[in-house]
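Here is the structure we will look at.
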Amino acid sequence: LLPKREGSKFLMLITNIKKLVPITSEPIFDAELEVEGGKIKWFGPSSFPPRVRVRGRLQRESRDIFDCKGAVVTPGLVDCHTHLVHAGTREKEFAMRAAGKSYLEIAKAGGGILSTVAATRETTFDELYALSERRLKEAISFGTTTIEIKSGYGLDTETEIKILKVAQKLAKDFPITIVGTFLGAHTFPPPLPSREGARGRGKYIDLLISEMLPEAAKLNFVRFCDVFVEKEAFTVAEAIQILTAAKKFKMGIKLHVDQLSAGKGAELAAELKAVSADHLEHISEEGIGALKKSGTVAVLLPGASFFLGMKPAPARALLDRGVLVAIATDYNPGTNPCLNLPLMGTLAMSQLKMKADEVWQAMTIHAARALNLEKEKGSIEIGKDADLILWEAADEIVPLYRYGSDCIRHIFAKGKQLL
Ligand code: NIG
Ligand code: FE
């Protein structure tokens, strides 16, 4: 049963919705939606309750009415994994990979994450903010109204905090929702210690735990701690050490795991009760079972595997076993310099064999869940934030089908019109 409308004055009534796609309930054709105080107050078929019309016009103050002229309306998109704040670009590495070099070979030769670290360290706060602001505007133009931003291109206290402060200022300046994640454990700072170089490794892990994590926590912005578990980055044991410390600062846990090689990363994420395990291109059978049991969200990043020319994550195996699957851009200068989340949805359909409705859940409610925001974000439900995308399309599949093209007519974030 639809709740009754109260009063006659609404902050805004969005009318003339051809198809409303709430994600967590059935689509409604020919719908209306009310927004009050930045929240969704009501939605339902436009014929209910019946309204008085004069010469075809609604009998309301016109400023309260937003005629969306037959658009398809979905929740705002949630990009739950990005490395938005960095300086420098790495197009030369893309060309090197196309000429036959591997991602790890390039990283070992001084490229990769460390080249972005060098550029980011050299860049002032203001320059870094300007670069990131431009990217954020681009992300919004693709329909993203909630975005997670990781640090991780500083690898020293000063630069990691600089990155987080840029993200925090963006969160203050923009009406969309930004979630901060500390990824000081992205890789080791130069000179890169070997897997056996216990001293160099231990020294950085000490710094992470005793200085960087407490400083990051002090900002009152960081909600998650992430670690990149990989042959050229952190071991499982090191990740446990860092994330156990992060828990003391009330940070949730995210992990970059099983991306370039199998490393029992999903099993680790489940054991640590991580909110999400991200990448998973090389997840094991046991890892899939572990994620199902722990309820950890599998965040798949089809743009990264596509751009690296590597095999994609086994989305079907995860979905068929009942694991919650989200997708995100993983925007970063190395493995996916793209902020177009609907395009990731297209890749998820064509490369990962996800169904259209699974992709929509993955870009909205499951992504919100990967940020512990499922109570406010990711679906059209009464009381949730009025983050809405109005698409110029026949239905919600069209923006995935017309890949790379712009089907967005209007964007609302917490009831504020951004486009
Ligand atoms: O998510 N996997 C590690 N981190 C990034 C890549 C970082 C980079 O190449 O700069 C990722 O793919
Ligand atoms: Fe990433």
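Everything numeric in this text was worked out from a predicted model, so none of it was measured. Remember, it's 1-based here, ligands and their atoms both numbered in the order they're listed. FYI, the numbering just counts along the sequence from 1.
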Does any N, O or S atom of H279, backbone or side chain, fall under 2.8 Å from the Fe ion (ligand 2)?
no
For H366, the ring pair (Phe, Tyr, Trp, His ring centres under 6.0 Å) test, sequence neighbours excluded, returns none
- prompt: What residues form a ring pair (Phe, Tyr, Trp, His ring centres under 6.0 Å) with H282, not counting sequence neighbours?
  reply: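 Ring pair (Phe, Tyr, Trp, His ring centres under 6.0 Å) list for H282, sorted by chain: empty.
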Do [Y] and [X] have ring centroids that are under 6.0 Å from one another?
X: H410; Y: F66; value: yes
X: F182; Y: F249; value: no
X: Y331; Y: H86; value: yes

The Fe ion (ligand 2) -> D330, closest N, O or S atom is OD1
N/O to N/O under 3.5 Å, ligand 1 against protein:
from: ligand 1; atom 1: 1 (O); to: H83; atom 2: NE2; distance (Å): 3.3
from: ligand 1; atom 1: 1 (O); to: H256; atom 2: NE2; distance (Å): 3.1
from: ligand 1; atom 1: 1 (O); to: H279; atom 2: NE2; distance (Å): 3.0
from: ligand 1; atom 1: 1 (O); to: D330; atom 2: OD1; distance (Å): 2.9
from: ligand 1; atom 1: 1 (O); to: D330; atom 2: OD2; distance (Å): 2.9
from: ligand 1; atom 1: 2 (N); to: Q259; atom 2: OE1; distance (Å): 2.7
from: ligand 1; atom 1: 4 (N); to: H186; atom 2: NE2; distance (Å): 2.8
from: ligand 1; atom 1: 9 (O); to: R90; atom 2: NH2; distance (Å): 2.7
from: ligand 1; atom 1: 9 (O); to: Y103; atom 2: OH; distance (Å): 2.4
from: ligand 1; atom 1: 10 (O); to: R90; atom 2: NH1; distance (Å): 2.8
from: ligand 1; atom 1: 10 (O); to: R90; atom 2: NH2; distance (Å): 3.3
from: ligand 1; atom 1: 10 (O); to: Y153; atom 2: OH; distance (Å): 2.6
from: ligand 1; atom 1: 12 (O); to: Q259; atom 2: NE2; distance (Å): 3.4
from: ligand 1; atom 1: 12 (O); to: D330; atom 2: OD2; distance (Å): 2.9
from: ligand 1; atom 1: 12 (O); to: T335; atom 2: OG1; distance (Å): 2.7

Is it true that K150 and E148 make a salt bridge, defined as a side-chain N closer than 4.0 Å to a carboxylate O? yes
- Angle at the Fe ion (ligand 2) (to 10°), with one arm to NE2 of H81 and the other to NE2 of H83: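 Nearest ten degrees: 100°.
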Sorted by chain and residue number, the side-chain contact (heavy atoms from CB on, under 4.5 Å) partners of R121 (sequence neighbours excluded) come out as V117, L155, D156, T159, P189, P190
